[in-house]
Amino acid sequence: MANKEVRVLGAWPSPFVMRARIALNIKKLDYEFLQEQLGSKSELLLKSNPVHKKIPVLIHGDKPICESLVIVQYVDEVWSSGPSILPSDPYDRAIARFWAAYIDDKWFPSLSGIPRAQGEEAKMAAIQQVRDGLELLEDAFVKCSKGKPFFGGDSIGYLDIAFGCFLGWLRVTEKSNGVKLLDETKTPNLAKWAVRFCSDVAVKDVMPDTDKLAEFAKVLFAKFRAPPPSN
Amino acid sequence: MATGEEVKVLGYWSSPYALRVKWALKLKAVEFDYMEEDLTNKSALLLQLNPVHKKIPVLLHNGKPVAESLVIMEYVDETWKQNPLLPQHPHQRAIARFWAKFVDEKEGEEQEKAAKEAREHLKTLESGLEEGKPFFGGESIGFVDIAAAWIGVWGEITGEIVGIKLVDEEAMPLLTACFQAVLQTPLLKECLPPRAELLEHSKRFRQKLMAAAAAST
């Protein structure tokens with residue numbers, strides 16, 4: 001039974017929305033998932049996020065919370081008795097936040113850059129940028145995980161969520177461009193982590209099927225002549 | 001310096017991001033060594049401490065580096081608990097983080113070239129303030145105030161250069177008053193770069209931006 005106390009305004013293809021849903025799943029919280037339609041914004045969305053008019057929005061009771069990573073931290077802080085999402089040590093938290101910012105500010109834009117690239121040369125350069133970023137993230141994984149299965153250690157944490165939400169779009173990009181980005185020979189730890197992440201109980205029901213996402217990408221391109229949403 | 005506690009900040013005199021870190025530490029009365037970087041000739045230390053971005057500010061706490069000004073601010077707030085920067089209540093914290101992110105996305109230094117847009121975003125930022133409460137942090141200076149008040153200085157300078165009033169008392173009275181209150185606080189005022197030099201630096205920075213924009217069209 002969906003709990004009306006917690007609502008998520010979002011859409012199934014959005015990696016940013018996925019972050020909010022994974023966080024709620026980790027805390028085993030029921031919530032109502034209100035999906036926005038492509039190309040239009042509901043009254044509730046415009047009212048709840050007047051500044052950006054973007055998904056995801058978490059509505060807790062009557063309070064809206066916007067920005068995916070802000071939502072994840074909010075969920076972690078409110079439902080503090082559930083499994084922790086952020087690390088407990090301030091320095092580990094700073095490292096997790098640093099890499100999450102890197103992913104949002106640099107890595108995901110580089111991924112979005114591939115379908116946007118005009119011409120073969122630009123495309124190759126864009127692909128290389130993504131691969132370079134993945135190598136950095138491979139190092140980050142080794143340092144953060146300290147031999148454990150996830151960035152967050154034994155279970156999925158903040159950085160797993162921040163990065164893992166893009167795996168669907170990563171696979172779609174690989175498929176539609178005929179290129180391997182997440183390469184088990186170059187970034188073996190990330191490749192294995194990706195499998196673990198996608199099969200995690202908090203993730204598997206909210207991670208979209210790659211083919212379904214690829215179909216959606218075609219619709220999105222056709223409708224807006226633009227690659228994935230970048231909120 | 002308290003024994004066993006080594007705090008260093010790598011910064012640049014004209015960087016509002018470095019200013020945020022100085023302000024956060026000062027408000028918590030944390031002593032630190034400030035190291036000015038020459039951004040035209042970055043030190044081996046900077047490249048070692050922030051290999052991903054090679055940028056300031058970097059906080060070095062007992063040998064451990066933290067980069068990205070808002071990440072540093074959260075770290076400072078969590079490590080030194082006196083004078084909390086973020087509110088206690090999770091919803092208030094979420095609002096603070098939201099506005100801090102808004103400032104970074106919409107009012108970064110690069111935004112100087114889109115002054116009119118920046119001005120519109122400042123009007124939006126005004127909506128984060130409450131009548132009767134002097135700061136984003138309420139009665140006292142908090143996270144968003146530290147993240148945003150630099151705009152009161154840098155915005156004024158950009159305004160002078162491009163001829164648009166960015167921080168407009170009429171259009172955004174609460175924001176203007178908030179920034180002024182933060183900037184006039186002696187502890188924070190003493191960290192500000194000298195205005196004349198900042199003006200010259202900003203003019204040169206804008207010229208470079210214009211040249212780069214012209215070259216890429």
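Not measured: the values here are computed from a predicted model. First the proteins, then the strands, lettered A, B, ... as listed; each starts at 1. Computed over heavy atoms, backbone and side chain alike; hydrogens, waters and symmetry mates excluded.
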Interface residues of residues 134-147 of chain B facing chain A - non-hydrogen atoms under 4.5 Å apart: none
Residues of residues 77-90 of chain B within contact distance of chain A, non-hydrogen under 4.5 Å: B/Glu78, B/Thr79, B/Pro90
Toward chain B, the part of A/Asp105 with a non-hydrogen atom under 4.5 Å: side chain
Heavy-atom distances under 4.5 Å only: say whether [X] touches chain A with side chain, backbone, both or neither.
X	value
B/Pro65	both
B/His61	neither
B/Arg97	both

[atom2] on [Y] to [atom1] on [X], rounded to 0.5 Å:
X	Y	atom1	atom2	answer
A/Asp104	B/Lys101	CG	NZ	5.5 Å
A/Gln73	B/Glu74	CD	CD	5.5 Å
B/Phe98	A/His52	CZ	NE2	3.5 Å

Over all atoms of both residues, closest heavy-atom pair of B/Val66 and A/Ala94: CG1-CB, 3.9 Å
Where A/Tyr74 and B/Ala94 come nearest, the two heavy atoms and their spacing: CD1-CB, 4.1 Å
More than 12 heavy atoms from other groups under 6.0 Å of CD on B/Glu169: no
Enclosure of A/Lys41 NZ (heavy-atom neighbours >12, cutoff 6.0 Å): yes
Residue pair B/Glu105, A/Glu67: steps toward the side-chain contact (heavy atoms from CB on, under 4.5 Å) verdict: CA-CA 12 Å; B/Glu105 271 172 27; A/Glu67 293 294 312; 4.0 Å; yes
Side-chain heavy atoms of A/Phe98 within contact of B/Asn50, under 4.5 Å: yes
Close side-chain approach of A/Val51 to B/Trp99, heavy-atom, < 4.5 Å: yes
Heavy-atom pair count under 4.5 Å with chain A, highest-scoring of B/Ile95, B/Ile72, B/Leu70, B/Val52: B/Val52
